[in-house]
Amino acid sequence: QARLQQAAERVAWQATFASDAVDLRVLPRRELVSEARDVLAGIGAGRHYAEFGGKRLNYDRTVISVPLGRDYRILFRDDDGGLTPIAAMSHEAYNKKKPGMR
């Protein structure tokens, strides 16, 4: 009985990812997914990315990085004044995307 309930909860949790603007399944903990959804909703509602600790990247000023905890980031592209979510990724993967980095 408990296993069936756990399986049903897992299926319900996985179904919540279908409505996300970017794939949040890369985030390992529910708290990070919740934080990412708060950031996406806030920025979508017009809040400024700096309220979430976001910064423009030095090498591409149209890309904005918002931290999710210490080890993850969510990236946005500034398109004509509106922010479009690009991806959620680990800080390690984010660092590898920087030009000039190995």
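Heavy atoms only: backbone and side chains are in, while hydrogens, waters and symmetry mates are out.
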Worksheet item: Can you tell me how far the CG atom of Asp38 sits from the CD1 atom of Ile43, to the nearest 0.5 Å?
Response: 11.0 Å

Item to complete: Kindly write out the residues that satisfy side chain to side chain contact (heavy atoms under 4.5 Å, CB included) with Asp79, not counting sequence neighbours, or none if the list is empty.
Response: Arg77, Thr84

Distance-only donor-acceptor hits, side chain of residues 25-33, under 3.5 Å, sequence neighbours excluded:
from  : atom 1 : to    : atom 2 : distance (Å)
Arg25 : NE     : Asp23 : OD1    : 3.1
Arg29 : NE     : Glu31 : OE1    : 3.3

Worksheet item: Of the non-hydrogen atoms in Pro67 and Gly53, which two are nearest, and what is the gap between them?
Response: CD-O, 3.3 Å

Worksheet, complete the sentence: Nearest heavy-atom contact between Arg73 and Ser65 is CD-OG, 3.3 Å

Worksheet item: On the ring face of Phe17, is Arg37 found with NZ or CZ under 6.0 Å from the centre and within 45° of the axis?
Response: yes

Fill in: Which atom of Ala88 lies closest to which atom of Leu24, heavy atoms considered
CB-CD2, 3.8 Å

Discussion item. Between Asp20 and Val22 (side chain of the first, backbone of the second, donor and acceptor by atom type, cut-off under 3.5 Å), is there such a pair?
Written reply: no

Fill in: hydrophobic_cluster_shared for Met89 and Ile86, side chain cutoff 4.5 Å
yes

Worksheet item: Is there a chain of hydrophobic side chains (I, L, V, M, F, W, Y, each step under 4.5 Å between heavy atoms) that links Ile64 to Leu40?
Response: yes

Discussion item. Tell me whether the count of non-hydrogen atoms from other residues, nucleotides or ligands lying under 6.0 Å of CD in Gln5 goes above 12.
Written reply: no

Worksheet item: What are the two closest non-hydrogen atoms of Phe52 and Val39, and how far apart are they?
Response: CD2-CG2, 3.7 Å

Practice prompt. Please identify each residue that fulfils salt bridge (charged side-chain N to carboxylate O under 4.0 Å, His left out) with Asp78, with sequence neighbours left out.
Written response: Arg56

Discussion item. Counting only heavy atoms from other residues, nucleotides and ligands, does the tally under 6.0 Å from CZ of Arg61 exceed 12?
Written reply: yes

Worksheet item: Which atoms form the tightest heavy-atom contact between Phe76 and Ile74, and what is the distance?
Response: CE1-CG2, 3.7 Å

